[in-house]
*Asks:* 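To start, I am sharing the structure in question, which I have written as structure tokens.
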Amino acid sequence: MPEIDVREIPPKERHPKIMDTFTAMDSGETLRLINDHDPKPLYYEMEAEVDAFDADNYEVRREEAEKFVAEFPKQ
């Protein structure tokens with residue numbers, strides 16, 4: 001399962017890195033994204049614009065005050 005900790009990536013590089021990684025994944029894989037906040041805006045963007053995003057199986061959980069882990073599955 002590909003994993004990206006965006007807390008370690010400069011803000012302007014985050015979105016391209018996430019989208020490139022998701023695009024390169026095979027169908028059935030899930031991208032695990034670690035962030036310092038709930039990535040709900042990214043969820044909405046992917047739901048609206050990325051046909052391969054499996055929004056029904058998206059999950060997010062808060063593990064620490066500044067650690068959210070979201071799983072973006074690919075159909």
Side-chain angles (χ1 to χ4, degrees):
M1 176 182 308
E3 181 176 291
I4 302 173
D5 187 340
V6 296
R7 300 173 300 176
E8 301 171 355
I9 300 173
K12 69 179 184 176
E13 296 175 17
R14 291 176 183 180
H15 187 88
K17 174 75 172 174
I18 292 165
M19 298 311 272
D20 288 348
T21 301
F22 190 84
T23 299
M25 290 174 12
D26 292 329
S27 178
E29 285 190 288
T30 298
L31 173 61
R32 179 175 289 143
L33 185 69
I34 301 169
N35 205 347
D36 60 359
H37 62 275
D38 187 344
K40 202 64 160 177
L42 179 60
Y43 164 83
Y44 289 129
E45 178 181 346
M46 290 187 69
E47 181 183 39
E49 299 177 9
V50 181
D51 291 336
F53 173 52
D54 180 4
D56 292 335
N57 289 304
Y58 168 83
E59 294 182 21
V60 65
R61 64 188 174 279
R62 186 178 194 163
E63 292 189 351
E64 298 172 13
E66 294 189 12
K67 183 180 181 183
F68 289 78
V69 179
E71 296 186 355
F72 291 83
K74 186 172 186 178
Q75 297 177 350

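The shown structure was predicted, so the numbers you read here are calculated from the model rather than taken from an experiment.
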*Asks:* What is the minimum heavy-atom distance between Gln75 and Asp54, and which atoms define it?
*Replies:* CG-CB, 3.5 Å
*Asks:* Which pair of heavy atoms, one from Tyr43 and one from Ala55, lies closest together, and at what distance?
*Replies:* OH-CB, 3.8 Å
*Asks:* What are the two closest heavy atoms between Arg61 and Arg32, and how far apart are they?
*Replies:* NH2-NE, 4.4 Å
*Asks:* Group every Ile, Leu, Val, Met, Phe, Trp and Tyr by side-chain heavy-atom contacts under 4.5 Å, then state whether Tyr58 and Met46 land in the same group.
*Replies:* yes
*Asks:* How close do Thr30 and Pro2 get, counting heavy atoms only, and between which atoms?
*Replies:* O-CD, 3.3 Å
*Asks:* Evaluate the criterion side chain to side chain contact (heavy atoms under 4.5 Å, CB included) for residue pair Arg62 and Asp38; output intermediate values, then yes/no.
*Replies:* CA-CA 8 Å; Arg62 186 178 194 163; Asp38 187 344; over 6 Å; no
*Asks:* Above 12 or not: heavy atoms from other molecules or residues under 6.0 Å from NZ of Lys40?
*Replies:* yes
*Asks:* Does any N or O in the side chain of Glu13 come within less than 3.5 Å of the main-chain N or O of Pro10, such that one atom is a donor and the other an acceptor?
*Replies:* no
*Asks:* Could you walk me through whether Leu33 and Leu42 pass the side chain to side chain contact (heavy atoms under 4.5 Å, CB included) test, one step at a time?
*Replies:* CA-CA 11 Å; Leu33 185 69; Leu42 179 60; 3.6 Å; yes
*Asks:* Can a cation-pi geometry be assigned to Lys74 and Phe72, taking NZ or CZ under 6.0 Å from the six-membered ring centre and within 45° of the ring axis?
*Replies:* no
*Asks:* If I compare all heavy atoms of Arg14 with all of Val6, which pair ends up nearest, and what's the gap?
*Replies:* NE-O, 3.0 Å
*Asks:* Kindly give the heavy-atom pair with the smallest separation between Ile4 and Ile18, and that separation in Å.
*Replies:* CD1-CA, 4.0 Å
*Asks:* Could you walk me through whether Glu66 and Arg7 pass the side chain to side chain contact (heavy atoms under 4.5 Å, CB included) check?
*Replies:* CA-CA 10 Å; Glu66 294 189 12; Arg7 300 173 300 176; 5.8 Å; no
*Asks:* Quick one: pull up CD in Glu47 and CG in Asp56 and give me the separation to the nearest 0.5 Å.
*Replies:* 8.5 Å
*Asks:* For Lys67 and Val69, what are the C-alpha separation, side-chain angles and deciding distance, and is it a side chain to side chain contact (heavy atoms under 4.5 Å, CB included)?
*Replies:* CA-CA 7 Å; Lys67 183 180 181 183; Val69 179; 4.1 Å; yes
*Asks:* If two hydrophobic side chains count as joined below 4.5 Å and joins carry through other members, does Val50 share a cluster with Val60?
*Replies:* yes
*Asks:* Under a single-linkage definition using a 4.5 Å side-chain heavy-atom cutoff for Ile, Leu, Val, Met, Phe, Trp and Tyr, are Phe53 and Tyr44 assigned to the same hydrophobic cluster?
*Replies:* yes
